[in-house]
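Some notes on the structure that comes next.
Treat the numbers as computed from the prediction; the structure is a model and nothing was measured.
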Amino acid sequence: MQKKSASIVLADWHPADIKAELNKKGLTLRALSLANNMHQDSLKTALRTPYPKGEHIIAAALGHEPEEIWPSRYAKRMFKAVIPPQAINA
């Protein structure tokens with residue numbers, strides 16, 4: 001019997017779920033974009049590709065941290081490579 005890994009990677013929210021949560025709060029991506037002095041379609045980018053500024057705006061509107069909505073993106077951003085000391089001193 002194999003042991004399961006202790007690390008659990010949560011799935012990112014589905015774009016439709018993000019839009020639905022915004023709609024429940026009476027918001028749209030377009031309205032959020034315009035309220036933040038951005039092009040009307042700017043925040044759509046955050047649904048399909050990493051866009052930290054947009055992710056923060058959307059997360060704040062939903063009352064969450066961006067890391068909760070896009071855990072895979074933040075896992076990659078927070079990764080710190082461990083460099084052996086001998087590689088630095090070489």
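His39 contributes atom NE2, which lies 9.0 Å from atom CG of Leu34 (distance to the nearest 0.5 angstrom). One distance of note links OG of Ser42 with CG of Asn37; it measures 11.0 Å at 0.5 Å rounding. To the nearest 0.5 Å, the span separating CG on Asn23 from OG1 on Thr28 amounts to 7.5 Å.
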Residues 47-64 side chain polar contacts: donor-acceptor under 3.5 Å, at least two apart:
from	atom 1	to	atom 2	distance (Å)
Arg48	NH1	Lys44	O	3.3
Glu55	OE1	Tyr74	OH	2.8
Glu55	OE1	Arg77	NH1	2.7
Glu55	OE1	Arg77	NH2	3.2
Glu55	OE2	Tyr51	N	2.9
Glu55	OE2	Arg73	NH1	2.7
Glu55	OE2	Arg77	NH2	3.0
His64	ND1	Glu68	OE1	3.1

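Using modelled atom types, one side-chain atom of Ser33 and one backbone atom of Leu43 make a donor-acceptor pair closer than 3.5 Å.
Applying the salt bridge (Lys or Arg N to Asp or Glu O under 4.0 Å) test to pairs two or more places apart or on separate chains, those with a residue in residues 22-36 are Glu21-Lys24, Arg30-Asp41.
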